[in-house]
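Lettering of chains follows the sequences in order, A, B, ..., and the numbering in each one begins at 1. Please read these numbers as outputs of a predicted model, since none were measured by experiment. Side-chain atoms are counted along with the backbone in the values below, which use heavy atoms only and exclude waters and symmetry mates.
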Protein chains: 2
Amino acid sequence: MVKRSYGQFCGVARALELVGERWALLVVRDLLVGPRRYSDLRRGLPGIPTNILASRLKELEAAGIIERDVLPRPASGVVYRLTPLGGELEPVVLALGRWGSRVMTHPLDGEVVTHDSMVMALRTTFRPEAAEGANLVFVLRVGDVVVHARVDDGHLAAAAGPAEAPDLDITAGPLVRDLMAGALSPEDALATGAVAVAGEPALLNRFAAIFAI
Amino acid sequence: MVKRSYGQFCGVARALELVGERWALLVVRDLLVGPRRYSDLRRGLPGIPTNILASRLKELEAAGIIERDVLPRPASGVVYRLTPLGGELEPVVLALGRWGSRVMTHPLDGEVVTHDSMVMALRTTFRPEAAEGANLVFVLRVGDVVVHARVDDGHLAAAAGPAEAPDLDITAGPLVRDLMAGALSPEDALATGAVAVAGEPALLNRFAAIFAI
DNA sequence: CCGGATCCTCGGTGATACTG
DNA sequence: CAGTATCACCGAGGATCCGG
């Protein structure tokens, strides 16, 4: 199996040969949130053909980017996780996410939101300098996707699922993107019902400042 | 023309829909160095089918990433340049280059080096903190490719072609990558003839420190 | 259910030839 | 110089099936 080459001794070209194929970086994006099973990845990548997912996983494993672990019983199953080399792709995914979140104005027809993509969206938009001295826990709900973000003095821990006793619990639609982009003020977001919160409403300003496109 | 979608309202996915297709980011890489004509891009991307290059240029233009300028006479011709939006892809290309330069240990069979890829390699490996207070001009020659780098107190200007009166003129082979990665000491590089210099040989240490993988 | 493998179709890619 | 035209091929997409 001869892998397609760009024929250049160049870091960008070499990187694209390893992770430039379709779906590959989206698999990495989901694995950056945490180890995932085959079926988790399928759910998180609606639309990926199963044979393509299997191919990508094999290629990424052969490239040393992910590794495949067989869980012992009783939790039998297969888990994929990033290797240290794979984890170093985070700056690539974050840079892509930052650029993409600016051109991604509104959802196209049929587009969905997944746990892992939303966690990565929080990480891409996080601005440490706006979070200095902050100690806040946010829960963000879009559709049936729930994620949370713990902000601790310039440091962020974002993960899937809810959090206990958050400072602010945000329920929103895709318009939360406009809020984070500054195209929708927190006041208008609340007034129009585009965003609903449980907790101190003024904290929505902090949220929009800390997670900004 | 229905563009293939990943079906997700996610910045990473949206970015990959626009610049994730084969060759697209390599076109952007070359245009980050400067405006280029169709034939320049063909030369800089050996192996790209001409119809694919034409397709990518149209897609990138439709996405607002590049623009096509028809030059007035007598310098007739067509020039492609990045739009401001396209220029904002630089962090993406640099992140990819940084990651790729680590896995790119040695050139594969038949791989070549181009002007634009080498200029971007200098930009990806540039470490501003190592260049504080420096005021140096390097010329780097690999094969028949010549590029130069002006380092001015933490700031870099790298471009194709030679420079006048450089502080150090470096002639090397692909092993210059090992030098920049710290796998080959400047002394060994000079002693084995892997790298030859004109100028003060001690400046090769500065070069390896300023441009480090 | 989980973790894939198999089959088939279609469209993009690659290579080359050709043209305004 | 700056592309378009043509065609073979292979990987993506989609559905189904299979072993544990």
Side-chain angles (χ1 to χ4, degrees), chain A residues 1-8 13 16-27 30-31 35-63 66-81 110-112, chain B residues 1-8 13 16-27 30-31 35-63 66-81 110:
Chain A
M1 171 180 183
V2 208
K3 35 180 47 180
R4 280 193 297 187
S5 162
Y6 285 110
Q8 299 194 14
L16 290 174
E17 287 166 1
L18 295 179
V19 297
E21 273 168 303
R22 198 160 161 74
W23 295 103
L25 277 177
L26 290 183
V27 172
D30 283 12
L31 291 180
R36 293 287 182 267
R37 312 168 67 122
Y38 189 88
S39 46
D40 295 331
L41 293 170
R42 266 189 84 172
R43 260 190 302 276
L45 269 16
I48 190 173
T50 165
N51 56 341
I52 297 297
L53 176 57
S55 297
R56 290 295 165 272
L57 289 172
K58 270 190 217 131
E59 294 158 9
L60 291 173
E61 188 185 3
I66 66 174
E67 52 190 18
R68 191 187 123 110
D69 282 3
V70 179
L71 293 181
R73 312 170 36 125
S76 307
V78 181
V79 162
Y80 295 91
R81 69 180 76 250
E111 282 189 331
V112 299
Chain B
M1 172 178 184
V2 205
K3 35 180 48 180
R4 275 193 302 187
S5 162
Y6 285 110
Q8 299 195 13
L16 289 174
E17 287 165 2
L18 296 179
V19 296
E21 274 168 303
R22 198 158 161 74
W23 296 105
L25 277 177
L26 291 182
V27 172
D30 284 11
L31 292 180
R36 292 286 182 268
R37 319 174 126 225
Y38 190 89
S39 45
D40 295 331
L41 293 170
R42 265 189 85 173
R43 259 191 303 277
L45 268 16
I48 190 173
T50 168
N51 57 342
I52 296 297
L53 176 56
S55 296
R56 290 294 167 273
L57 289 171
K58 270 192 213 126
E59 294 158 10
L60 291 173
E61 189 185 3
I66 67 174
E67 52 190 20
R68 193 187 120 110
D69 282 4
V70 178
L71 293 182
R73 306 171 38 99
S76 307
V78 181
V79 162
Y80 294 92
R81 70 180 76 249

Tell me the interatomic distance from B:Ile48, atom CD1, to D:dA2, atom P, rounded to whole angstroms.
15 Å
Any side-chain heavy atom of A:Leu60 within less than 4.5 Å of one from A:Val19?
yes
Under 4.0 Å from OP1 or OP2 of C:dG3: is there any side-chain N or O of A:Lys58 that close?
no
Value in whole Å for how far the C1' atom of D:dG19 lies from OH of A:Tyr38
14 Å
Report yes if the side chains of B:Arg42 and B:Leu53 come closer than 4.5 Å at any heavy-atom pair, otherwise no.
yes
Shortest side-chain distance from B:Ser39, nucleotide among D:dT6, D:dA2, D:dG3
D:dA2
Can you tell me if the side-chain N/O atoms of B:Arg42 get under 4.0 Å from OP1 or OP2 in D:dC1?
no
Given D:dT6, D:dT16, C:dC2, which nucleotide is nearest the side-chain atoms of B:Asn51?
D:dT6
Closer than 4.0 Å, any side-chain N/O of B:Arg36 to the OP1 or OP2 of D:dC1?
no
Between C:dG14, D:dA15, C:dT13, spot the one nearest the side chain of A:Thr50, thanks.
D:dA15
Please check this pair: side chain of A:Tyr38 against backbone of A:Tyr80, looking for a donor-acceptor N/O pair closer than 3.5 Å.
no
Can you see if the side chain of A:Tyr80 gets near the phosphate of C:dG4 - specifically, an N or O under 4.0 Å from OP1 or OP2?
yes
What is the distance, to the nearest angstrom, from the CG atom on A:Leu71 to the P atom on C:dC2?
13 Å
Distance check needed: D:dG11 P versus B:Ile52 CD1, whole Å only.
15 Å
Of the options C:dG3, D:dT4, D:dA2, whose atoms approach the side-chain atoms of A:Arg37 most closely?
C:dG3
How many Å lie between CZ on A:Arg4 and P on D:dC10, as a whole number?
11 Å
Starting at the 5' end of DNA chain C and moving along, which residue's nearest nucleotide shows up first, A:Ala54 or A:Tyr6?
A:Ala54
Flag this pair as yes if the NZ/CZ of B:Arg22 is under 6.0 angstrom from the six-membered ring centre of A:Tyr6 and inside a 45 degree cone about the axis; otherwise no.
yes
Counting side-chain heavy atoms from C-beta on, which of D:dG3, C:dA15, C:dC2 comes nearest to B:Pro49?
C:dA15
Within this structure, what is the CD-to-P distance between A:Glu59 and D:dG11, rounded to whole angstrom?
9 Å
Rounded to whole angstrom units, what separation is found between the CZ atom of A:Arg22 and the P atom of C:dG12?
10 Å
Using a strict threshold of under 4.0 Å (side-chain N to carboxylate O), is an ion pair present between B:Glu59 and B:Arg56?
yes
Protein-nucleotide distance (B:Leu26, atom CG; C:dG14, atom P), rounded to Å
11 Å
